[in-house]
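Worksheet: one structure, shown below.
Residues take their numbers from the sequence shown, with the count starting at 1. All heavy atoms count here, side chains included; hydrogens, waters and symmetry mates do not.
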Amino acid sequence: MIYENLSVNLDGHLLFAGYDTLELAKEFGTALFVMDENRIRQRCREYQKAMAAYLPAGSHPLYASKAMSIKRIYQIMKEENMGVDVVSPGELYTAVKAGFPMENAYFHGSSKTDEDIRFAMEHKIGFFICDNADELDAIDAEAARQGICQKILLRLAPGIDPHTHEKINTGRVDSKFGVAIETGQATKLVGKTLAKKNIILWGYHCHVGSQLFDEALFCDTATNMLTFVADMQKQYGHTAKVVNLGGGMGVPYTEEQGKIDYAGTIQKIGAYITALCQQLQIAPPAILMEPGRSIVADSGITLYSVTGTKEIPGFKNFVGIDGGMTDNPRYTLYQSPYTVYNAGKMNECADFVCTVAGRCCESGDLIQENITLPRPVRGDILAVLTTGAYNYSMASNYNRVPRPPVVMIGQNGPYIAVRRETYEDLLLCDQ
Ligand code: LLP
């Protein structure tokens, strides 16, 4: 099967992390997110081990928590000694409430308000990823007000086009994120930063895109970033302590996309960076990476109950489910592929070609089109794989659909990490 934590029992039921998905659906209801805690921990360790082994001293991963941002995840990241990237005061607050050590947190975002900056500093965030010159002034002013020196990384646009989906492409010169190297604006911003009294320029950050499969992209990005480090050393005598290459390592959503060897990829990037630093005659800075998807995506599945089928002869067959774009908007937004199983009929012939449609009043509310399943009937359980990243975190209450719970499979079995939203929850802010 596509992942090692999936199997099928003698009754033809799909097991996830050793647990019968039909039993989980019965116990916790549907729609339901299920996450495999052990696999999340394994992924963290895989990154840590490979980065320590193959990248310059001090290199380590930060979990990009936008992929899945709930208290329990930050607790796991704390236990695993991961750093985290938070992109909003809301993510930051969740991390604080989870007891995450804020000195290991990095505050991202291209539109930070004064209030956001104050909030992050009051919570003693370790690092700001400063996006632009206006933000730099605001961080400096707030740091002066609080009487501190704030460590920052400058977000650069390294001019790399990863040719991934347009909506998750972030490293080009004309990106909304960061300051471009190519235009000379980044160099100027370094000069401005070094003149600030309440700011310490720790290093540079970039992120070129998400769902990337070619390690050459990371090497090209490293070339542009480290060349910039060398240039800044020459121009201003400034030595970057770290270079953050961002996240983006891809995840297979279907069997055809194959398996990805993260450690092997990091090894190749590491060898490239070592040679590059020699060539540029700079001491290799510590490298940070910010994986989000590749830490949590394949640790999650979503279980739905089938509400029925609709066969339109000569056209198509629909399978209705008790969820959809409100818990997983990724097909609607990006036409993202997913693997879908009829979880109780794993040993039956998959010959029913169908489109899985959600419950929203919206024709585009689809989870997947033209897939084959063992013919589902009302009450069957569908499992959608690889939903651990950018599903719960992108879920909404459109059509006032309550968000599903998140059940983690931990050492001692399943437990509720986030409870199901109630109708009363939906009214909490209504006056
Ligand atoms: N670092 C930065 C600065 C980022 O902007 C991102 C993702 C990451 C790290 C983590 O990237 P990852 O390792 O997860 O690829 N909603 C989209 C993904 C948006 C990603 C935004 N930034 C999706 O569902 O595919």
Side-chain angles (χ1 to χ4, degrees), residues 62 64 66 85 87-88 106-112 127-139 152-196 199 201-236 238-240 242-250 265 269 272-273 276-277 279-280 282 285 287-293 333-334 390:
L62 318 174
K66 70 209 75 182
D85 132 10
V87 76
S88 70
Y106 292 67
F107 187 27
H108 289 61
S110 56
S111 291
K112 300 181 189 79
F127 301 86
F128 276 75
I129 308 289
C130 174
D131 184 85
N132 57 63
D134 289 339
E135 187 185 310
L136 182 75
D137 289 337
I139 295 173
I152 70 158
L153 273 62
L154 284 180
R155 169 111 189 211
L156 307 179
I160 300 285
D161 186 350
H163 299 292
T164 184
H165 193 288
E166 187 61 25
K167 289 180 184 156
I168 51 175
N169 187 329
T170 47
R172 288 195 315 229
V173 177
D174 60 352
S175 166
K176 81 159 179 166
F177 298 100
V179 186
I181 296 179
E182 203 173 311
T183 56
Q185 285 161 298
T187 303
K188 276 201 195 127
L189 189 58
V190 172
K192 182 174 162 124
T193 306
L194 293 172
K196 295 285 186 196
I199 285 186
L201 179 57
W202 205 253
Y204 306 107
H205 171 278
C206 67
H207 169 81
V208 297
S210 202
Q211 192 60 346
L212 312 178
F213 291 92
D214 183 1
E215 78 236 2
L217 276 171
F218 290 96
C219 296
D220 291 349
T221 305
T223 301
N224 293 6
M225 292 296 284
L226 291 165
T227 304
F228 185 77
V229 168
D231 289 348
M232 293 308 97
Q233 185 132 15
K234 276 190 212 119
Q235 185 151 346
Y236 299 109
H238 173 259
T239 306
V242 302
V243 167
N244 185 330
L245 294 178
M249 283 225 213
T265 306
I269 298 170
Y272 183 85
I273 286 177
L276 182 64
C277 288
Q279 198 189 320
L280 293 167
I282 53 169
I287 301 292
L288 305 182
M289 292 178 104
E290 288 169 346
R293 193 190 310 268
L333 278 174
Y334 322 115
Y390 303 114

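Listed by chain and number, the residues in a side-chain hydrogen bond (donor to acceptor under 3.5 Å, both in side chains) with D137 are K192, K196 (sequence neighbours excluded).
The nearest pair of heavy atoms linking L245 to I287 is CD1-CG2, 3.9 Å. Across every non-hydrogen atom of G250 and Q211, the tightest pair is CA-OE1, 3.2 Å. Annotation for C130 and I152: closest pair CB-CD1, 3.9 Å, computed over non-hydrogen atoms. Contact detail for F107 and V87: the closest heavy-atom pair is CE1-C, 4.0 Å. The heavy-atom pair separating L276 from A222 by the smallest distance is CD2-O, 3.6 Å. In this structure, K112 and I129 approach most closely via the heavy-atom pair NZ-O, 2.7 Å.
The closest side-chain heavy-atom distance from F127 to V242 is not below 4.5 Å. No side-chain heavy atom of P158 sits less than 4.5 Å from a side-chain heavy atom of T223. Residues M232 and Y204 form a side-chain contact, since some pair of their non-hydrogen atoms from C-beta on lies under 4.5 Å apart. Side-chain contact between F228 and V243: absent, with no pair of heavy atoms (C-beta onward) separated by less than 4.5 Å.
Side-chain atoms of H207 come within 3.5 Å of backbone N or O of G247 as a donor-acceptor pair. Between the side chain of Y236 and the backbone N or O of T187 there is at least one donor-acceptor pair closer than 3.5 Å.
Using the six-membered ring where Trp is involved, H205 and H108 have ring planes that are perpendicular, over 60° apart on the 30 and 60° scheme.
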Under the side-chain contact (heavy atoms from CB on, under 4.5 Å) rule, what do L189 and L156 come out as? Steps first, then yes or no, please.
-> CA-CA 10 Å; L189 189 58; L156 307 179; over 6 Å; no

Derivation and outcome, side-chain contact (heavy atoms from CB on, under 4.5 Å), residues V208 and F218 = CA-CA 9 Å; V208 297; F218 290 96; 5.7 Å; no

Apply side-chain contact (heavy atoms from CB on, under 4.5 Å) to L136 and V179, showing your working.
-> CA-CA 12 Å; L136 182 75; V179 186; over 6 Å; no

Check the pair M289, I269 against side-chain contact (heavy atoms from CB on, under 4.5 Å), reporting the backbone distance first and the verdict last.
-> CA-CA 11 Å; M289 292 178 104; I269 298 170; 4.1 Å; yes

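The distance from atom CG of D131 to atom CD1 of I139, rounded to the nearest 0.5 Å, is 9.5 Å. The distance from the CG atom of D220 to the CD1 atom of I160 is 5.0 Å, given to the nearest 0.5 Å. For the atom pair CD1 (I181) and OG1 (T227), the distance works out to 8.0 Å, reported to the nearest 0.5 Å. A distance of 5.0 Å separates CG of L154 from CG of L201, quoted to the nearest 0.5 Å. Atoms CZ and CG, from R293 and L212 in turn, are 9.0 Å apart once rounded to the nearest 0.5 Å. In this structure, the separation between CG on L153 and CG on L288 is 7.0 Å, given to the nearest 0.5 Å.
Salt-bridge formation is detected for the pair K66/D85: a Lys NZ or Arg NE/NH1/NH2 atom is positioned less than 4.0 Å from an Asp or Glu carboxylate oxygen.
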